[in-house]
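A quick write-up on the structure given underneath.
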Amino acid sequence: MILRQWRSIRVPNEKLWFSSTPQRNPNPNHSQWLENLSQLCHQKDLPKAVATMVAMEDQHCRADPITYSSLIKLCIEKHAVNEGRRVHQHLLDDGQPPKLFLSNSLLSMYVKFNLFDDARRLFDEMPERNVVSWTTMISAFAHLDSREEAMKYLIAMHREGIRPNMYTFSAVLRACQTLRTLWSIHCCIIKCGLELDVFVRSSLIDVYSKYGDLDYGYQVFDEMATRDLVVWNSIIGGFAQSGDGYKALELFIGMKRAGFLANQSTLTSGLRACTGTVMLEMGRQVHVHVLKYDQDLILNNALLDMYCKCGSLAEANAVFQRMKERDVISWSTMISGLAQNGRSIEALRLFNSMKAAGTKPNYITMVGVLFACSHAGLVEDGWYYFNSMAKVFGIEPGREHYGCIVDLLGRAGKLEEALNFIDAMGFQPDSVIWRTLLGACRVHQNSSLAAHAAKEILKLEPEDEGTYILLSNIYADSRRWSDVEQVRKAMQDQGVRKEPGRSWIEVGKKTHVFIVGDFSHPEMNSISKELNRLIGRITEVGYVPDVKFVLHDLEREQKEESLRYHSEKLAIAFGMMNSMGGKPIRIMKNLRICGDCHEFAKLAAKVENKTIIIRDPVRFHHFQDGICSCGDYW
DNA sequence: GTAGGGTTAG
């Protein structure tokens, strides 16, 4: 490859002190100037150092490369953009390209200042480039998410005959976001004999677990002889983000056993693990470790989210109030948290406080705001925010926002309007939008529109079990048993099976899982007795099993029997048996709660004078005094 | 002079 010519080439100045045979310097005070400059660099006095450099220029004095190097470092440290450029210019005025390592320092400086055009220009003008220069560029592209550029530079580097090192690979791995590229880069790494490097390994683990093959990422982790904290964090983060909170926490404990101290990153993943699997007690334990990093913004945001998702808004709010620094994520987390927990008005009020505090909402904030409107039936507010997003906040509504409006109209029973809105969206509706409409059709019992929505979903995702279930539920609601049978047959033909309803609850340090109709829990006898006792008590205050939530065409008695063992009822009974004092009973569910269980929970909370909190995949229900925070609107 | 791990929705 032909190197580009050095553009600003000048007649070489023979008096340059660093030319191969040191020249006598014309200025007798040269060594004093130099001494002075390096002293100032040492003292980190950037303004004086730059002033000295300029004064030296006037005296035709030159500093040595080492001093220049410390000057550049100082500019980076102080994030002094103008001074950095000044030093660069000064070096160019020498008439010769700076030494390679100095150009590399400058390159790294521009990258750190996010001045990528300058970095690229410098890179293009460098007469000579080594692995450090290339790696700096590749790393910059990888961080910019310019994956193609990063790969192209890797190829160009190879063509120039420069071998990548471990730095290069750990940078380039970030740009591998498909398994295919990941595999080929992994092969290159092995070929270069760099697979054992911890940095390379942690990057491998990270990208494998993020982009599709967590098991393989774990394998790469598992076979490592020496692991450091980041390697542990990579794998813990991998499991936490993929939703396997149990495995993440198991590894978290393994890490502590191996003698490592959890840092901010570990704890953030630990909290995320609790959030995903809804383990409030465990989350509180992690919180204790977080206290020593009092004002870490990311950790605090993770804490907020954990408490919100575990249904403990009081604790979330306590953290929020204590935070000295709040960013758009902190506010958005609280807004969505309130909305999901049925406190939409407070969510909107918080949105106003956010604006008053001068924090600009982003795309996700607006999803939270619209979610608050749709879940509380605030149709007018929802429309207002949706219509003013672009004008007032400069955020173009995207798929998620359109989805919220479909939800808003659908929940409010304006099904036709929702359908028209979908038609007028200006882009192809995806399965999420259709599923939203389908959910609304169920609440408002519109089976013909439901069938339409379901068919659209199944066109896009023919194996989606949730849709079959919803559709058959809707047919069951209107007692169209032959249609129910047809849906079940279609499921069989597609090889789709119904995911059983599952609820889980933390008691002490253990999580107990209940599956609908599964009686294998060791305390099943007493749970059954407790359930009967509860049903007896709530029947006195008017509970009648609502059998329309049973799928099959059974006799009433059989239907009641099948309702009785819904997983959330088993979990509520178990929670009552183990509940202490005034503590709420917290239950998580994999599917949405059924109408009968919702009624059951309201009355059980009333007669037992307890708070029951159930989180389903979309929102929370706080049952207290015979009412639910969702206002029966879900 | 170049490299790895953490937070918000659906």
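By convention in this document, chain letters (A, B, ...) are assigned in the order of the sequence lines, proteins followed by strands, and residues within each chain are numbered from 1.
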Inset, instruction - With heavy atoms under 4.0 Å as the rule, sort A:Thr333 into base, sugar-phosphate or nothing. - result: sugar-phosphate
Inset, instruction - Taking atom types as modelled, find out whether A:Tyr208 and A:Gln219 have a side-chain donor-acceptor pair closer than 3.5 angstrom. - result: no
Identify every side-chain donor-acceptor pair in residues 235-245 of chain A under 3.5 Å, counting partners at least two apart or on other chains, and give the distances.
from: A:Ser242; atom 1: OG; to: A:Phe239; atom 2: O; distance (Å): 3.1
from: A:Asp244; atom 1: OD1; to: A:Lys247; atom 2: N; distance (Å): 3.1

Legend entry - Interface residues of residues 246-270 of chain A with DNA chain B (non-hydrogen, below 4.0 angstrom): A:Asn263, A:Gln264, A:Ser265, A:Thr268, A:Ser269
Legend entry - A:Gln321, CD atom: more than 12 neighbouring heavy atoms under 6.0 Å: yes
Inset, instruction - Specify the residues of residues 283-294 of chain A, ordered by number, for which at least one heavy atom lies under 4.0 angstrom from an atom of DNA chain B. - result: none
Legend entry - Pair A:Asp206, A:Ser203: side-chain N/O donor-acceptor within cut-off below 3.5 Å: no
Legend entry - Nucleotide nearest A:Asp296 (side chain, heavy atoms from C-beta), chosen from B:dG1, B:dA3, B:dG6: B:dG6
Legend entry - Under-4.0 Å side-chain N/O to phosphate OP1/OP2 contact, A:Arg435 with B:dG10: no
Inset, instruction - Kindly write out the residues that satisfy ring pair (Phe, Tyr, Trp, His ring centres under 6.0 Å) with A:Phe169, not counting sequence neighbours, or none if the list is empty. - result: none
Inset, instruction - Among the candidates B:dG6, B:dA3, B:dT7, find the nucleotide nearest to the side-chain atoms of A:Ala302. - result: B:dT7
Legend entry - N/O (side chain, A:Lys309) to phosphate O (OP1/OP2, B:dT7) under 4.0 Å: no
Legend entry - Separation of atom CZ in A:Phe371 from atom P in B:dT8, rounded to whole Å: 15 Å
Inset, instruction - May I ask you to say what A:Phe169 touches in the nucleic acid, namely base, sugar-phosphate or nothing, with a heavy-atom cut-off under 4.0 Å? - result: nothing
Inset, instruction - In whole angstrom, give the distance that lies between atom OH of A:Tyr363 and atom P of B:dG10. - result: 12 Å
Inset, instruction - Report the nucleotide, chosen from B:dA3, B:dT7, B:dG4, that has the shortest atom-to-atom distance to any side-chain atom of A:Arg174. - result: B:dG4
Inset, instruction - To the nearest Å, give me how far apart CE (A:Met334) and P (B:dA9) are. - result: 13 Å
Inset, instruction - Could you please name the option among B:dT2, B:dA3, B:dA9 that lies closest to any side-chain atom of A:Ala171? - result: B:dA3
Legend entry - Parallel, tilted or perpendicular, as decided by the 30° and 60° cut-offs, for the rings of A:His289 and A:Phe252: perpendicular
Inset, instruction - For residues A:Ser330 and A:Leu297, determine if any side-chain heavy atom of one lies less than 4.5 Å from a side-chain heavy atom of the other. - result: yes
Legend entry - Sugar-phosphate, base or nothing in reach of A:Leu304, heavy atoms under 4.0 Å: nothing
Legend entry - Aromatic-base stack, A:Phe101 on B:dG1, cutoff 5.5 Å, angle under 30: no
Legend entry - d(CG, A:Asn300; C1', B:dG6) in whole Å: 13 Å
Inset, instruction - Looking at every strand, decide which applies to A:Val111 at a 4.0 Å heavy-atom threshold: base, sugar-phosphate, or nothing. - result: nothing
Legend entry - Ring centres under 6.0 angstrom apart (A:Phe123, A:Trp134): yes
Inset, instruction - Report yes or no: do A:His90 and A:Tyr68 form a side-chain donor-acceptor pair below 3.5 Å? - result: yes
Inset, instruction - Indicate, yes or no, whether a donor-acceptor pair under 3.5 Å links the base of B:dG4 to the side chain of A:Ser202. - result: yes
Legend entry - Polar pair under 3.5 Å, donor/acceptor by atom type, side chain A:Asp197, base B:dG4: no
Inset, instruction - Measure from the side-chain heavy atoms of A:Asp305 and tell me the nearest of B:dT8, B:dT2, B:dG1. - result: B:dT8
Inset, instruction - Kindly point out which of B:dA3, B:dG10, B:dG1 is positioned nearest to the side chain of A:Ser139? - result: B:dA3
Inset, instruction - For the side chain of A:Gln241, starting at C-beta, report the closest nucleotide among B:dT2, B:dT8, B:dG6. - result: B:dG6
Inset, instruction - Just jot down the salt bridge (Lys or Arg N to Asp or Glu O under 4.0 Å) partners of A:Arg349, sequence neighbours excluded, or say none. - result: none
Inset, instruction - Have a look at A:Val172 and say if it touches a base, only the backbone sugar-phosphate, or nothing, with a 4.0 Å heavy-atom cut-off. - result: nothing
Inset, instruction - Take atom NZ of A:Lys73 and atom C1' of B:dT2, then tell me their distance rounded to the nearest Å. - result: 14 Å
Inset, instruction - For A:Thr67 and A:Ser38, test the side chains for any donor-to-acceptor distance below 3.5 angstrom and give the result as yes or no. - result: no
Legend entry - Out of B:dT2, B:dG10, B:dT7, whichever nucleotide has its closest atom nearest the side chain of A:Thr136: B:dT2
Inset, instruction - Determine the contact category for A:Asn165: base if any of its heavy atoms lies under 4.0 Å from a base atom, sugar-phosphate if only primed atoms, P, OP1 or OP2 are that close, otherwise nothing. - result: base
Inset, instruction - Just call it for A:Ile335: base, sugar-phosphate, or nothing, with non-hydrogen atoms closer than 4.0 Å on any strand. - result: nothing
Inset, instruction - Quick one: label A:His401 by what it contacts on the DNA or RNA (base, sugar-phosphate, nothing), any heavy atom closer than 4.0 Å. - result: nothing
Inset, instruction - Using a cut-off of strictly less than 4.0 Å, decide whether A:His375 has a side-chain nitrogen or oxygen near OP1 or OP2 of B:dG10. - result: no
Inset, instruction - For A:Arg399, answer base if it contacts any base atom (sugar-phosphate contacts may also be present), sugar-phosphate if it contacts only those atoms, and nothing otherwise; contact means non-hydrogen atoms under 4.0 Å. - result: nothing
Legend entry - Shortest side-chain distance from A:Ile329, nucleotide among B:dA3, B:dG1, B:dT7: B:dT7
Name each donor-acceptor pair under 3.5 Å that joins a side chain in residues 187-197 of chain A to protein atoms two or more places apart or in another chain, with its distance.
from: A:Glu195; atom 1: OE2; to: A:His186; atom 2: NE2; distance (Å): 3.0
from: A:Asp197; atom 1: OD2; to: A:Phe199; atom 2: N; distance (Å): 3.0
from: A:Asp197; atom 1: OD2; to: A:Val200; atom 2: N; distance (Å): 3.0

Inset, instruction - Compare the minimum distances between each of B:dT2, B:dG10, B:dA3 and the side chain of A:Val432, then state the nucleotide with the smallest one. - result: B:dG10
Legend entry - Nearest-angstrom distance from the residue atom CD of A:Glu461 to P of B:dG10: 17 Å
Inset, instruction - Calculate the interatomic distance between A:Phe123 atom CZ and B:dT2 atom P; express it in whole Å. - result: 15 Å
Inset, instruction - Verify the contact: side-chain N or O of A:Arg272 to OP1 or OP2 of B:dG6, cut-off strictly under 4.0 Å; return yes or no. - result: no
Inset, instruction - Starting from C1' on B:dG10, measure out to OH on A:Tyr402 and report it in whole angstrom. - result: 17 Å
